Trainee: 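One structure is given below, represented as structure tokens, and several questions about it will come after.
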Amino acid sequence: MNGFAAIFILLGVFWTQTSALQTFVLNEPNNDYVTATMTISNEKNLADVHVRSGVYSSDTIFDYSHGYVATRLFSRNACFILKISEASIPELQEIGRLAFEKKTMKKVYSPQNVWVQFQSGNSMFGNIKDWFLYGKPIEQLCKGLPLYKLVKSEQPLLNYHSCASAGIPTILGINICEKLQKS
């Protein structure tokens, strides 16, 4: 009976570790004006990031169950949605590992940067079909705001000064740029 209890307790410890919420405070190095918190839910397979930087604040949800990243930029009063691609967005466990290493080692990392574009004037408001596709966490973040679908760009854009920054400070930068119309 004692063996059964020991196995049961050991399984409980492992279950708690895999299903628990992990919260990290992520600050930009040498910049006291940008603070961020990230909560990872292994149970729901998502990361929730809140970046506070005045007018440039943003909230981002990485929903790996539905395969989408959504960023709400407060400066633009809009939501931007990107399909998760293994080539550009790290797995949830990798994001958690990097955040843990940053927290424990206090090292400054060079974040991975993803450059994405949206077409101005090409927004939509989410409907039931969209929210079913994107999931409840993204619906809660973006409902009532214009939605823009993002397309990955292979390189930094020429007009990168007009891009908005979001994502996870010091881990994964998402640079959201407006696609310029060719005249």
Side-chain angles (χ1 to χ4, degrees), residues 24 26-31 33-40 45-92 94-95 98-99 102 109-127 130-131 133-183:
F24 301 93
L26 305 166
N27 294 321
E28 284 279 346
N30 304 320
N31 188 345
Y33 299 108
V34 177
T35 60
T37 57
M38 176 174 65
T39 303
I40 294 177
N45 207 21
L46 64 88
D48 189 3
V49 181
H50 304 280
V51 178
R52 297 299 166 252
S53 180
V55 72
Y56 301 109
S57 297
S58 65
D59 287 341
T60 302
I61 292 181
F62 294 79
D63 188 339
Y64 288 87
S65 294
H66 290 90
Y68 287 93
V69 176
T71 297
R72 178 180 181 176
L73 293 177
F74 292 99
S75 64
R76 303 219 178 173
N77 200 29
C79 263
F80 300 87
I81 296 180
L82 176 67
K83 181 96 172 120
I84 291 177
S85 145
E86 290 179 16
S88 54
I89 306 292
E91 294 181 5
L92 184 62
E94 178 69 6
I95 289 173
L98 290 170
K102 175 159 179 17
Y109 289 98
S110 297
Q112 175 182 344
N113 285 303
V114 178
W115 292 86
V116 292
Q117 292 181 317
F118 71 96
Q119 183 67 56
S120 180
N122 196 13
S123 69
M124 62 179 187
F125 284 94
N127 58 37
D130 293 323
W131 300 135
L133 176 67
Y134 299 139
K136 195 69 163 169
I138 291 177
E139 177 185 6
Q140 291 172 341
L141 178 69
C142 298
K143 193 168 188 173
L145 295 172
L147 301 175
Y148 292 92
K149 289 186 180 178
L150 296 172
V151 177
K152 188 175 180 306
S153 175
E154 294 305 318
Q155 59 191 6
L157 304 169
L158 296 175
N159 65 332
Y160 68 91
H161 293 295
S162 64
C163 298
S165 295
I168 309 169
T170 71
I171 294 176
L172 175 66
I174 300 176
N175 299 296
I176 301 172
C177 307
E178 183 176 347
K179 186 175 182 179
L180 296 177
Q181 297 287 337
K182 293 182 181 180
S183 317

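Every value quoted in this text rests on a predicted model; they were computed, and no experiment measured them. Computed from heavy atoms alone, side chains included, the values below leave out hydrogens, waters and symmetry copies.
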Trainee: May I have the step-by-step check of side-chain contact (heavy atoms from CB on, under 4.5 Å) for I176 and R76, ending in yes or no?
Mentor: CA-CA 11 Å; I176 301 172; R76 303 219 178 173; 5.8 Å; no
Trainee: Quick one: CD1 on I89 to OH on Y68, what's the gap to the nearest 0.5 Å?
Mentor: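 Reported value, rounded in 0.5 Å steps: 13.5 Å.
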Trainee: Given side chains that start at C-beta, do those of Y64 and I84 come closer than 4.5 Å, heavy atoms only?
Mentor: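 A side-chain contact exists here, since the closest heavy-atom pair is under 4.5 Å.
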Trainee: Take W115 and C177 through the test side-chain contact (heavy atoms from CB on, under 4.5 Å) and record every step on the way to the result.
Mentor: CA-CA 8 Å; W115 292 86; C177 307; 3.9 Å; yes
Trainee: Counting only heavy atoms not in K136, do more than 12 sit closer than 6.0 Å to its NZ atom?
Mentor: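 Check fails, neighbour count at 12 or below.
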Trainee: Nearest 0.5 angstrom please: I171 CD1 to L98 CG, how far?
Mentor: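 Between atom CD1 of I171 and atom CG of L98 there are 5.5 Å.
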Trainee: Indicate the atoms forming the closest heavy-atom contact of A47 with L92, along with that distance.
Mentor: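 Smallest interatomic distance, heavy atoms only, reads CB-CD1, 3.8 Å.
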Trainee: When rounded to the nearest 0.5 angstrom, what is the spacing between OG in S123 and CZ in F80?
Mentor: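 Between S123 OG and F80 CZ, I get 9.0 Å after rounding to 0.5 Å.
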Trainee: Around atom NZ of K152, are there more than 12 heavy atoms of other residues, nucleotides or ligands at under 6.0 Å?
Mentor: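 It does: K152 NZ has more than 12 such atoms within range.
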Trainee: side-chain contact (heavy atoms from CB on, under 4.5 Å), that's the test. Do S57 and V51 meet it? Break it down for me.
Mentor: CA-CA 5 Å; S57 297; V51 178; 5.9 Å; no
Trainee: Answer whether the closest heavy-atom distance between the side chains of C79 and Y148 falls below 4.5 Å.
Mentor: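 They are not in contact (no side-chain heavy atoms under 4.5 Å apart), so the answer is no.
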Trainee: Testing the basics here: between T60 and G167, what is the closest heavy-atom pair and its distance to 0.1 Å?
Mentor: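 What the structure gives for the nearest pair is OG1-N, 3.8 Å.
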Trainee: How close do I138 and A70 get, heavy atom to heavy atom, and via which atoms?
Mentor: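 Smallest heavy-atom distance, with atoms named: CG2-CB, 3.6 Å.
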Trainee: Are any of the side-chain heavy atoms of R72 and L145 separated by less than 4.5 Å?
Mentor: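 Answer yes - side chains close enough.
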Trainee: First locate atom CG of D63, then atom CG of L46, and finally report the distance between them rounded to the nearest 0.5 Å.
Mentor: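 Answer rounded to 0.5 Å: 5.5 Å.
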Trainee: Measuring from atom NE2 of H66 to atom CG of N45, what distance do you get when rounded to the nearest 0.5 angstrom?
Mentor: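 One finds 10.5 Å between NE2 of H66 and CG of N45.
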Trainee: How far apart are the closest heavy atoms of L73 and A166, and which atoms are they?
Mentor: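 For L73 and A166, the tightest heavy-atom pair comes out as CD2-CB, 4.1 Å.
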Trainee: Would the number of heavy atoms belonging to other residues, nucleotides or ligands and lying under 6.0 Å from CD of E91 be above 12?
Mentor: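 Atom CD in E91 is not packed in, count stays at 12 or less.
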Trainee: Determine whether I81 and Y134 make a side-chain contact, defined as any pair of heavy atoms from C-beta on separated by less than 4.5 Å.
Mentor: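 Yes, their side chains come closer than 4.5 Å.
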Trainee: Tell me, do I168 and F62 make a side-chain contact under 4.5 Å, heavy atoms counted?
Mentor: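 Sidechains of F62 and I168: in contact.
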Trainee: Looking at side-chain heavy atoms only, is the closest gap between L172 and P90 below 4.5 Å?
Mentor: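 They are in contact (side-chain heavy atoms under 4.5 Å apart), so the answer is yes.
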Trainee: Take F74 and D59, measure what side-chain contact (heavy atoms from CB on, under 4.5 Å) needs, and give me the verdict at the end.
Mentor: CA-CA 8 Å; F74 292 99; D59 287 341; 3.5 Å; yes
Trainee: Taking the six-membered ring of F118 as reference, does the cationic atom of K179 (NZ for Lys, CZ for Arg) lie under 6.0 Å from its centre and within 45° of its axis?
Mentor: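 Pair K179/F118 does not count as cation-pi.
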Trainee: To the nearest 0.5 angstrom, please state how far the CG atom of D130 sits from the NZ atom of K143.
Mentor: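 Those atoms lie 11.5 Å apart.
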Trainee: Heavy-atom distance under 4.5 Å between the side chains of F24 and M38, does that happen here?
Mentor: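 Yes; the side chains approach each other to less than 4.5 Å.
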Trainee: Nearest heavy-atom pair of T71 and S58: which atoms, and what distance?
Mentor: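 Heavy atoms of T71 and S58 come nearest at CG2-CB, 4.3 Å.
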